[in-house]
Participant: 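Dropping a structure here in structure tokens format, bear with me for questions.
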Amino acid sequence: MGTEIVRVTNVSKKYKLYKQPNDRLKEALSFRNKNYHSDFSALENINFSISKGENVGIIGKNGSGKSTLLKIITGIVQPSTGDVKVYGRVSAILELGAGFNPEYSGIENIYTYGMIMGITKKEMHTKIDEIIEFADLGDFIHQPVKTYSSGMYARLAFSVAINIDPNLLIVDEALSVGDMGFQHKCMIKMKELIDRGVTVIFVSHDTFAIKSLCSRCIYLEHGKIKADGNAIEITDIYLMDTRKKIYTAEAEEINSLNQTALDSLDSDIINGTLETDIPMQEETKDSDINKYEKLRYGTGDIRIKKVSMLNEQGSEADHFEFGEIMSIAIDLHAHKQINNLNCCIRIRDKNGIDVTGTTTFEESIVFPTIKEREKLKVIFKAPNLLKHDMTFSVGVTINDTKDTADIVILDHVDLAYTFKSVYNPKRPVWYMYYQNYDIKFDIFK
Ligand SMILES: Nc1ncnc2c1ncn2[C@@H]1O[C@H](COP(=O)(O)OP(=O)(O)OP(=O)(O)O)[C@@H](O)[C@H]1O
């Protein structure tokens, strides 16, 4: 365990909720200390610590307490109970414009922010050009920030926050408002800071951004920590929960529409716990079976029995050179009739980032109706165009897809198979994915 930079101990936050705006006043003036409010628990007994150099994503659905937690860490909001310790210079990009004086110009706000952070005017002089250049606001830097759009606010806030050499950088969803070019610039800059050893706490709904920036992730649900651990695993659990919720909602809808049809379904399926009584089988490698079950979900109407990768000779393989034909073979076993089968594959890098993938639906492959108890094999065949010396995983989702708005997840497996793209001296691939370019040139004299 490295040097601790944040320690949050038994932190809870209760907000008083008043039904009427004047209830607050009535309560304050009440002689008999009558209560006009109800308590709302935004955070409950939160405990964690973050070590120097750790990069922690915070995820959770709207209202789960993410912003409240960041505000408590930065000292903007006091916890109702518990204690927070933060060591070093903290730079936070919280709600838009928080900390800016709307009447001041961009430049004036930069200096004020620096002062609040305890940075001398002299030190700020050495940083100001870089901050202005990064914000790229043109002449607006001399205008009062009240005239800024939300994107311009974000540019200024981000630029100041990252250029004052923080020990701890806290970013709350701020990137989502900037334009695409600026978002990319910020991600690169944040990676640079991370490489320099800056600790980052990053709140986002964007699981890809969390996976690419953070090694650890804390998942908040209803103001409590639901999970804390490896960023890839935790973001996958979060995605699983959000998808399960969608499915459960669908099941409830079916319930009200067709009780008789529902009676024939397994109760686990209706509850959205989504396990069937058919155990995962024999054929798969032991290590894969464990990974299979961990983040598996779906109605279970069809089960993925096996996922394997085959080389051109038809043998199972887990190493593929550039250009080598690889086949992803998926064995399925239907437990109910499937009207609109859709097989989806995705290939992820070791950071959990989806690199490529496709679906039979998008490829306009139409399956006949799959009958109960039918078995089938679906094969996706393509040359390996992935970066050499990198490992990848294959994930598979089987849906019943009538159209893009009507999708039921039948079985979903992350990490169904892992393989390595190996160096081919005839054609190394230096980028994540090779794209065949049609290159032409003209020489002008
Ligand atoms: N000042 C406040 N007074 C009363 N309730 C509040 C206050 N601030 C936040 N809350 C409530 O606390 C809960 C947590 O809010 P918070 O903004 O921390 O959630 P969040 O996870 O950041 O949500 P989002 O993803 O929408 O930003 C919400 O239900 C919110 O309505």
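We're numbering straight along the sequence, starting at 1. Atoms within a ligand are numbered from 1 in the order they appear, just like the ligands themselves. Atom set for the values below is all heavy atoms of this structure, side chains included, hydrogens, waters and symmetry mates excluded.
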Participant: Counting heavy atoms only, which of Ser64, Ala42, Gly63, Ser41 is nearest atom 23 (O) of ligand 1?
Facilitator: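 Among Ser64, Ala42, Gly63, Ser41, the closest heavy atom to atom 23 (O) of ligand 1 comes from Gly63.
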
Participant: Quick one: which of Ser67, Ser204, Gly60 has a heavy atom closest to atom 22 (O) of ligand 1?
Facilitator: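 Shortest heavy-atom distance from atom 22 (O) of ligand 1: Ser67.
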
Participant: Write out the residue and atom name of the closest protein heavy atom to atom 24 (P) of ligand 1, then the distance separating them to 0.1 Å.
Facilitator: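 In this structure, atom 24 (P) of ligand 1 has Asn62 ND2, 3.6 Å as its nearest protein heavy atom.
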
Participant: Lys61 heavy atoms, cut-off 4.0 Å: which ligand 1 atoms fall inside?
Facilitator: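 Result: 21 (O).
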
Participant: Check whether any side-chain N or O of Lys66 sits under 3.5 Å from a backbone N or O of Gly60 as a donor-acceptor pair, and report yes or no.
Facilitator: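 A pair under 3.5 Å: yes.
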
Participant: For ligand 1, which atoms have a heavy atom of Lys66 less than 4.0 angstrom away?
Facilitator: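 Reading through ligand 1 atom by atom, the close ones are 18 (O), 19 (O), 20 (P), 21 (O), 22 (O), 23 (O), 24 (P), 25 (O).
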
Participant: Of all the atoms in ligand 1, which lie at a distance below 4.0 Å from a heavy atom belonging to Thr68?
Facilitator: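 Those qualifying, in numeric order: 14 (C), 15 (O), 16 (P), 18 (O).
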
Participant: Under a 3.5 Å distance rule, please check whether Asn47 uses its side chain to pair with a backbone N or O of Asn10 as donor and acceptor.
Facilitator: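 It does hold such a pair.
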
Participant: Give a yes/no on ligand 1: does Gly65 have at least one heavy atom closer than 4.0 angstrom to it?
Facilitator: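 In this structure, Gly65 qualifies as a contact of ligand 1 - some heavy atom is under 4.0 Å.
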
Participant: Counting the benzene-type ring for Trp, do Tyr238 and Tyr219 have ring centres under 6.0 Å apart?
Facilitator: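 Distance test on ring centres: under 6.0 Å, yes.
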
Participant: Once you restrict to heavy atoms under 4.0 Å, what part of Leu17 touches ligand 1? Side chain, backbone, both or neither.
Facilitator: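 The part of Leu17 near ligand 1 is the side chain, not the backbone.
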
Participant: Nearest to atom 31 (O) of ligand 1, what protein heavy atom do you find, and at what distance?
Facilitator: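 Atom 31 (O) of ligand 1 sits closest to the protein heavy atom Phe40 CE2, 4.9 Å.
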
Participant: Between Glu221 and Lys61, does any NZ, NE, NH1 or NH2 come within less than 4.0 Å of an OD or OE carboxylate oxygen?
Facilitator: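 A salt bridge is absent here (no side-chain N lies under 4.0 Å from a carboxylate O).
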
Participant: What protein heavy atom is closest to atom 9 (C) of ligand 1, reported as residue, atom name and distance in Å?
Facilitator: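 Of every protein heavy atom, Tyr15 CE1, 3.5 Å lies nearest to atom 9 (C) of ligand 1.
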
Participant: For His125, what residues pass the ring-ring contact (aromatic ring centres under 6.0 Å, His included) criterion, not counting sequence neighbours?
Facilitator: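 Counting only residues at least two positions away or on another chain, His125 forms a ring-ring contact (aromatic ring centres under 6.0 Å, His included) with Tyr111.
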
Participant: Mark up the atoms of ligand 1 that fall under 4.0 Å of a heavy atom belonging to His205, in ascending order.
Facilitator: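 With His205 as reference, the close atoms of ligand 1 come out as 25 (O).
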
